[in-house]
Structures are given as C-alpha cells and as structure tokens.
Amino acid sequence: MAVPKRKSSKRKCRARKGSHASTIRVGQACPECSAPKQPHRVCPKCGQYRGVQVLTVESD
Ligand SMILES: [Zn+2]
C-alpha cells in the first residue's frame with residue numbers, strides 16, 4: 001500500500017479543507033411554510049418541527 005512520503009503541513013491541510021464547507025447544503029423544504037430548512041432541524045421560518053410548534057418566531 002502506498003504511503004505518503006511526507007506529512008502534509010497544517011497550511012496544506014487547512015488550505016484544502018477551506019473549500020469543503022463553502023456552501024451550506026439545504027436538505028428539504030418545510031412542509032408547513034415550504035421554506036428551505038435542514039433535515040431533522042426546527043424550521044427557522046415558522047418554528048415548527050414535525051407539525052408541532054417548538055419555537056416562537058418573531059415576524060417583522
Ligand atoms: Zn416552516
């Protein structure tokens with residue numbers, strides 16, 4: 001099995017990983033308000049999770 005000749009430096013590692021989290025993936029739309037939200041998270045728009053009001057969201 002091939003083994004790297006040298007340990008990659010902190011700079012090299014961090015420069016590579018800097019591009020990994022550049023975009024936040026939006027999983028699905030909220031079934032209540034159809035706003036984009038992450039899966040298994042409370043909707044930040046309407047504050048509901050699985051049809052239950054969890055958070056009170058202030059609207060402007
Ligand atoms: Zn929602």
Side-chain angles (χ1 to χ4, degrees):
M1 187 180 135
V3 175
K5 193 170 186 179
R6 298 228 187 282
K7 176 184 177 181
S8 51
S9 65
K10 290 175 189 172
R11 181 181 174 177
K12 201 75 170 162
C13 268
R14 288 166 186 175
R16 193 191 319 127
K17 288 178 181 178
S19 65
H20 289 182
S22 60
T23 55
I24 299 167
R25 278 183 288 252
V26 178
Q28 59 197 34
C30 175
E32 302 297 326
C33 64
S34 69
K37 75 174 199 64
Q38 288 184 291
H40 307 109
R41 300 293 192 281
V42 177
C43 175
K45 193 90 174 177
C46 64
Q48 291 199 11
Y49 182 67
R50 296 176 70 186
V52 179
Q53 191 73 34
V54 182
L55 297 174
T56 49
V57 180
E58 296 177 14
S59 60
D60 295 332

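As the structure lists them, so they are numbered: ligands from 1, and atoms in each ligand from 1. Residue numbers start at 1 and run along the sequence shown.
Going from atom NZ of Lys17 over to atom OG of Ser19 covers 11.0 Å, rounded to the nearest 0.5 Å. Between the OH atom in Tyr49 and the NE2 atom in His40 there is a gap of 5.5 Å [rounded to 0.5 Å].
Within the protein, the N, O or S atoms sitting under 2.8 Å from the Zn ion (ligand 1) are Cys30 SG, Cys33 SG, Cys43 SG, Cys46 SG.
Closest of all the heavy-atom pairs between Gly27 and Pro39 is CA-CD, 3.8 Å.
By the side-chain hydrogen bond (donor to acceptor under 3.5 Å, both in side chains) test, Gln53 pairs with Gln48, sequence neighbours left out.
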